[in-house]
Amino acid sequence: MTLIRTRFAPSPTGYLHLGSARTALFNWAFARHQGGEFKLRIEDTDLDRSRGEYEEAVLEGMRWLGLDWDGEVIRQSERRERHLAATRELLASGHAYRCNCSRESVEAGKQRDLAAGGPGTYDGHCRDLDLGPDCGEHTVRLRLPEEGLIGWEDAVFGPSGQDASQMGDAIIQRSDGTPLYNLAVVVDDIDMEITHVIRGADHQANCVLQLALYDALGAERPIMAHVPLIVDEQGKKLSKRRNNVSVQQFREEGYLQEALDNWIVRLGWSQGDNEFFSLNDLKHSFSLEGIGRSPAGADPAKLEWLNQHYIKELDSDDLFQRVYPHLEREAGRPVKDTPALRRLLDLLRERSTTLVQMATLARWQLREDLDYDEKAVKKHLKPAALPILESVLEKAQSIPEWKEDSLSQLFDDVSADHDDLKLGKIAQPVRVAVTGGPNSPGIFETLEVIGQARSLHRLEEAIALVQKRIQSAKVD
Ligand code: GLU
């Protein structure tokens with residue numbers, strides 16, 4: 001039985017964006033599920049647009065997504081001799097011919113064809129002239145069948161193809177001697193023994209010519225599977241300008257690799273009603289039948305939902321490690337791994353859709369100085385809060401234990417001293433006092449995490465702040 005081989009063939013002209021990441025993931029999952037090989041080929045023949053740093057970024061993105069490839073990375077630019085040899089072979093077998101038509105005469109021929117109601121293709125002037133290498137400046141064209149369907153059974157779109165009469169003989173080598181993209185792709189795929197080409201539907205248009213090249217080179221055609229476009233919430237094709245599309249950017253925004261893989265694989269692929277897929281699940285179950293034909297909508301809310309799901313599933317060490325760079329950024333310095341911080345991270349799982357958000361929510365624990373949220377100060381650190389904060393501070397100094405039970409008792413006592421004030425009326429001023437803002441996990445847990453000494457200090461500072469506000473209100 002032939003070994004199944006897929007490949008991912010990115011052009012290193014930008015970061016690894018969502019569409020390419022999905023192509024990589026589908027190829028990876030299919031090969032792994034079939035017990036085959038997944039190859040990586042960098043299509044770097046466009047020297048003006050290809051850059052080494054982008055190649056590195058693509059590889060790094062793939063590593064981060066957990067998509068390992070088999071064998072060495074192949075660079076298309078290093079295979080030029082093979083591409084040229086294939087052209088020579090096609091010339092020798094008569095499947096290709098030299099064409100020394102000028103650009104102008106080709107254009108004029110196309111216009112004539114259009115005017116006569118034809119498809120506007122090259123008129124085949126040199127097709128039967130049997131020009132030799134000394135025919136002057138020339139291109140090399142592939143001799144296509146004159147009529148009949150060049151078709152294929154696409155693994156996603158079913159019967160596909162184009163009638164040969166609608167196509168002109170295509171250039172496969174430019175007049176400066178460089179091979180054209182479609183030739184390079186086919187020669188590489190043949191040499192790499194690729195059995196399944198899975199790629200974006202934007203390559204459907206190239207497919208006919210590529211298949212004709214397989215035929216002309218006497219090679220077996222691979223199975224072709226074209227994957228529908230990814231569109232945004234407005235149904236528009238994702239664009240680098242409008243949408244956040246690079247894998248690196250998602251990572252920086254605090255999305256987990258597991259969540260991104262899961263989100264990406266569901267862009268145009270499904271399996272029953274299942275929503276959760278790990279790479280391991282895909283290894284065991286991915287199949288091309290699950291790919292749909294309609295454009296796949298990328299819904300950011302779904303990514304957030306998945307991210308939260310996976311954040312909740314991480315064990316404490318893993319979570320700490322992954323959130324660490326974000327904590328460090330938020331703190332502005334290295335951060336100590338303490339039981340209190342671990343506890344806080346655990347409490348924040350429920351409230352965080354990204355690791356960045358988690359780090360932001362932990363800010364009051366990471367930094368000594370609080371940033372007071374102005375609105376929360378206005379609302380909760382009013383003159384009326386002063387006696388409450390003072391009571392809390394006084395009792396907190398002599399509390400038997402800085403633990404939830406004693407803290408809860410403390411709040412009950414403060415409430416009793418202030419005409420059975422509702423606990424929320426105590427908790428909110430205290431929360432703003434010790435965290436700077438109106439949102440945090442439960443107040444007792446929050447106080448425990450902050451610790452007694454720091455909590456007392458922050459209560460004192462908040463009391464001073466309220467006093468200052470009262471003073472300045474008097475002056476105004
Ligand atoms: N290099 C092409 C791209 O980045 C892929 C070509 C292919 O998969 O056949 O879109």
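Atom set for the values below is all heavy atoms of this structure, side chains included, hydrogens, waters and symmetry mates excluded. Order of appearance sets the numbers: ligands from 1, and atoms from 1 within every ligand.
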Exercise. Nearest protein heavy-atom contact for atom 6 (C) of ligand 1: which residue, which atom, what distance?
Worked result: Tyr181 OH, 2.8 Å
Exercise. What do you reckon, does Val197 have a nitrogen or oxygen under 3.5 Å from a nitrogen or oxygen of ligand 1?
Worked result: no
Problem set entry | atom 8 (O) of ligand 1 [closest protein heavy-atom partner, distance rounded to 0.1 Å] | Arg7 NH1, 2.7 Å
Exercise. Restricting to pairs with a member in residues 150-176, which pass salt bridge (charged side-chain N to carboxylate O under 4.0 Å, His left out), not counting sequence neighbours?
Worked result: Arg127-Asp169
For this session: Kindly indicate, with the supporting measurements, whether the criterion side chain to side chain donor-acceptor pair (under 3.5 Å) is fulfilled by Glu107 and Gln111.
Result: CA-CA 6 Å; Glu107 196 43 45; Gln111 291 309 327; 3.0 Å; yes
For this session: Considering only non-hydrogen protein atoms, determine which one is nearest to atom 5 (C) of ligand 1 and report residue, atom name and distance to 0.1 Å.
Result: Ala9 O, 3.3 Å
Problem set entry | For Glu43, atoms of ligand 1 separated by under 4.0 Å from a heavy atom | 1 (N), 2 (C), 5 (C), 6 (C)
Exercise. With no hydrogens and no angle check, is any side-chain donor or acceptor of Asn307 less than 3.5 Å from a backbone partner on Ala259?
Worked result: no
Exercise. Any N or O on Gln210 sitting closer than 3.5 Å to an N or O of ligand 1?
Worked result: no
For this session: Give me the one residue out of Gln210, Arg41, Lys39 that meets side-chain hydrogen bond (donor to acceptor under 3.5 Å, both in side chains) with Asp189.
Result: Arg41
Problem set entry | Salt-bridge present (Asp113, Lys110; N to O < 4.0 Å) | no
Seminar exercise, completed: atom 10 (O) of ligand 1: closest protein heavy atom, distance to 0.1 Å, is His203 NE2, 2.9 Å
